[in-house]
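Convention: sequence-line order gives letters A, B, ...; per-chain numbering from 1.
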There are 2 protein chains.
Amino acid sequence: MQYMAATPEEDRRRAILDAAVTVVVERGYAAARVSDIAKRAGTSTGTVHYYFPTKVDVLDAALQHASERSHARHRAELAALNEPSEQLLRLIDLQIPDADVADEWSIWLEFWNEARRRDELRDRNHEIYTRWVGMIETIVRKGQRQGQFSLDVDPADFALRFAGLFDGLGLQVLLQPSLENRWRLRAALRGVVERELLS
Amino acid sequence: MQYMAATPEEDRRRAILDAAVTVVVERGYAAARVSDIAKRAGTSTGTVHYYFPTKVDVLDAALQHASERSHARHRAELAALNEPSEQLLRLIDLQIPDADVADEWSIWLEFWNEARRRDELRDRNHEIYTRWVGMIETIVRKGQRQGQFSLDVDPADFALRFAGLFDGLGLQVLLQPSLENRWRLRAALRGVVERELLS
DNA sequence: CATCTATCTGACGCGTCAGTCAATACATCT
DNA sequence: AGATGTATTGACTGACGCGTCAGATAGATG
């Protein structure tokens, strides 16, 4: 079923990238094998190399693929809400590591780890992070214009701290995904919103 | 020079672990080679295997080694200060990713990434994180007892958020270690302390 | 039908690396 | 001196995995 086949070529590409994402989540970026990816995509190693010259090309494209998917999801979800405060609170629930979202966090972690040693990935990470922080900042600005949020906070500063807190605590939730930890993450983020924006 | 040799055996062990930490920082946990470690330690692969049965044993011991070193440094630095507020502010400057400390952050990142797939490391991480958060919590408690910190905040809650914010922003500073980013990290952490504790 | 092109396959070559082991050196005890 | 135990070495082996390539399949074109 899945997608209704754009071109067969595009489909194969996407299937390989989806498979690569899964493999990275399961085995990790460094331990991912081309044969694992091929098997998951229901094809052969030769085909993987037909679409991507080297393993690094597949994996980097997969990271990119995952980050686009994640961002698209955020945009779609936020577009369905009007109130900035609702958007911010929704963003929290949308990104708490749990089931599918935990896989996404795993990808981020692999990404960061790999980026530490590779300039291009560091640049990619910077773009993605800036976009993520910018999304939060935009919501805060809108809330302030609408008089819903306090004018005492600097939107850029708040967004940075909000994102940082999310990453730091989210990381620990990823590693210890207990109900209590997820609840604490949620409470901490909602607390910041209430204390600083909904004064 | 370095250490004045406890036993020669202990020295070799330590040399191998120090070398392993360096290699993990440079090449990453997954790409670390036994021969790299041996070369860095000025010995042979045979000797590395003489002290540690497998590569995983060396690497795990190295992570442990690095975390103990880090904790010891924190304790030593804090013991030299009396005021809880000074201790907290010192902790910030002590742990901003920069030079040696950036290496330490790299180790954490590798640790987290590896821990995602291995129970024992996840448990180790939990212990280390709990100890780190506990250290902050203790400082806050002391500050409250001495009437220096506000009584409005829950120490455990504050400590968790402080640590989370530190990790999340620190991670981005590790990847983009500009002066400005370091300054923002510092400002964000000091801001939280001032706003919530030194009301 | 013959030819051309795009897609796909899996066996193989070649490099890499963890862990083994026989040989060696050195110290300590008898 | 000989014997015993500890530390060290680096060549070697066996496994593994990326990327290549010769060949298969099938659809399109003339």
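- Between A:Y51 and C:dC8, a side-chain N or O to OP1/OP2 separation shorter than 4.0 Å is present.
- Within residues 27-35 of chain B, the residues that have a heavy atom under 4.0 Å from DNA chain C are, in order of number, B:A32, B:R33, B:V34.
- In the region residues 55-63 of chain A, proximity to DNA chain D at under 4.0 angstrom, judged on heavy atoms, holds for A:K55.
- Identified under the side-chain hydrogen bond (donor to acceptor under 3.5 Å, both in side chains) test for residues 163-176 of chain A, with sequence neighbours left out: A:Q172-B:N125.
- Side-chain N or O atoms of A:Q87 include one that pairs as donor or acceptor with a backbone N or O of A:L78 at under 3.5 Å.
- Taking the six-membered ring for Trp and thresholds of 30 and 60 degrees, A:W105 and A:F166 have ring planes inclined between 30 and 60 degrees apart.
- For B:D119, the salt bridge (charged side-chain N to carboxylate O under 4.0 Å, His left out) partners two or more places apart in sequence, or in a different chain, are B:R122.
- Separating the OH atom of A:Y50 from the P atom of C:dT7 is a distance of 4 Å, rounded to the nearest angstrom.
- A rotation axis mapping the C1' atoms of four pairs onto the next four is fitted at both ends of the helix from C:dC1-D:dG30 to C:dT30-D:dA1 over five pairs, and the angle between these axes is 20° to 10 degrees.
- A:H74 pairs by the side chain to side chain donor-acceptor pair (under 3.5 Å) definition with A:Q95, not counting sequence neighbours.
- Considering only residues two or more places apart in sequence or on other chains, A:E127 meets the salt bridge (charged side-chain N to carboxylate O under 4.0 Å, His left out) condition with A:R124.
- Scored by the side chain to side chain donor-acceptor pair (under 3.5 Å) test, A:S67 finds no partners at all (sequence neighbours excluded).
- For residues 79-91 of chain B, the set of pairs meeting the salt bridge (charged side-chain N to carboxylate O under 4.0 Å, His left out) definition, not counting sequence neighbours, comprises B:E77-B:R90.
- Every residue two or more places apart in sequence or in another chain was checked for a side chain to side chain donor-acceptor pair (under 3.5 Å) with A:H49, and none qualifies.
- The side-chain contact (heavy atoms from CB on, under 4.5 Å) check on B:L17 picks up B:F52, B:A61, B:A62, B:H65, with sequence neighbours excluded.
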Q: Summarise protein proximity over nucleotides 10-15 of chain D in one line of letters, 5' to 3': B for base, S for sugar-phosphate only, - for none, counting protein heavy atoms closer than 4.0 Å.
A: BB----
